[in-house]
Amino acid sequence: MIQRLYNWTMSLAEHPNALWALALVSFVESSFFPIPPDVLMIPMIIARPNRAWLIATVALVASVLGGLLGYAIGAFAFEQIGQPILESLGKGDAVAEFNTRFNDFGFWAVLGAGITPFPFKVITIMSGWTGMPLGVFIATSIIARAIRFYLVAGLLWKFGSPIRDFIEKRLGLVTTIFLVLLFGGFLLVRYL
């Protein structure tokens, strides 16, 4: 099933309405779709490097809007279904404790998931579920998705096709390591 979705997504990159397809994929990827928009962005930018910044902007705007849908799913579906079930099982306190811990690191969770290959939809839904302040969620989503999409666009605009393999195979790992080191540094400073 994933391979079929991937092939379908790749075929959209060649379509005359590719920007609309990118907007759709970016929107739904932030709330429930398993394929990231990068698989459309990369071939679109390689084919038309002069549109790299426009392509990244479309992905950014649609992704943040899709993140708001994910946030709403977490906020409204959890309150109506998940919370009553957990409370009936005597787990209401555990939910409150998890909410507090997630929101203490919520900025970093949204930033990390927005930049790295970690599924952004998981964080958008959890952000709504835990009641992360909407302003913090939106601002962090914009920062994270802008870093990710403009970095990809800039590298492809500057270096073209040879950078494609690097982006697809190693950029997520390098970014994840950087964020772990950055977060670890903040924790070290905080507790020293």
- Message: If I compare all heavy atoms of A52 with all of W157, which pair ends up nearest, and what's the gap?
- Response: CB-CB, 4.0 Å

- Query: Residues in side chain to side chain contact (heavy atoms under 4.5 Å, CB included) with N50, at least two apart?
  - Reply: R48

- Item | For S30, side-chain hydrogen bond (donor to acceptor under 3.5 Å, both in side chains) partners two or more places apart | S63

- Message: Once rounded to the nearest 0.5 Å, what's the spacing between atom CG of L156 and atom CD1 of I46?
- Response: 5.0 Å

- Once you round to the nearest 0.5 Å, how far does CG of L22 lie from CG of N17? 12.5 Å

- Task: Hey, could you give me the CD1/OG1 distance between I73 and T124, rounded to the nearest 0.5 Å?
- Result: 7.0 Å

- Linked, directly or transitively: W20 and V28 (ILVMFWY side chains, under 4.5 Å): no

- side chain to side chain donor-acceptor pair (under 3.5 Å) contacts in which one or both residues fall within residues 51-62, not counting sequence neighbours: T57-Y150

- Message: Salt bridge or not between R148 and E29? Use side-chain N to carboxylate O under 4.0 Å.
- Response: no

- Item | Connected via hydrophobic side-chain network under 4.5 Å: L69 and L134 | yes

- Message: Looking at Y71 and M132, would you say the former's side chain and the latter's main chain have a donor-acceptor pair under 3.5 Å?
- Response: yes

- Distance col, row L54:CG vs I45:CD1, nearest 0.5 angstrom, shows 9.5 Å

- Query: Can you find a heavy atom in the side chain of L19 that is under 4.5 Å from one in the side chain of M44?
  - Reply: yes

- Task: Work out which heavy atom in A23 is nearest to a heavy atom in A62; give both atom names and the distance.
- Result: O-CB, 3.2 Å

- Partner of F149 by side chain to side chain contact (heavy atoms under 4.5 Å, CB included), out of V58, L60, I55: L60

- Item | Nearest non-hydrogen partners of S31 and G70, listed with the distance | CB-N, 3.7 Å

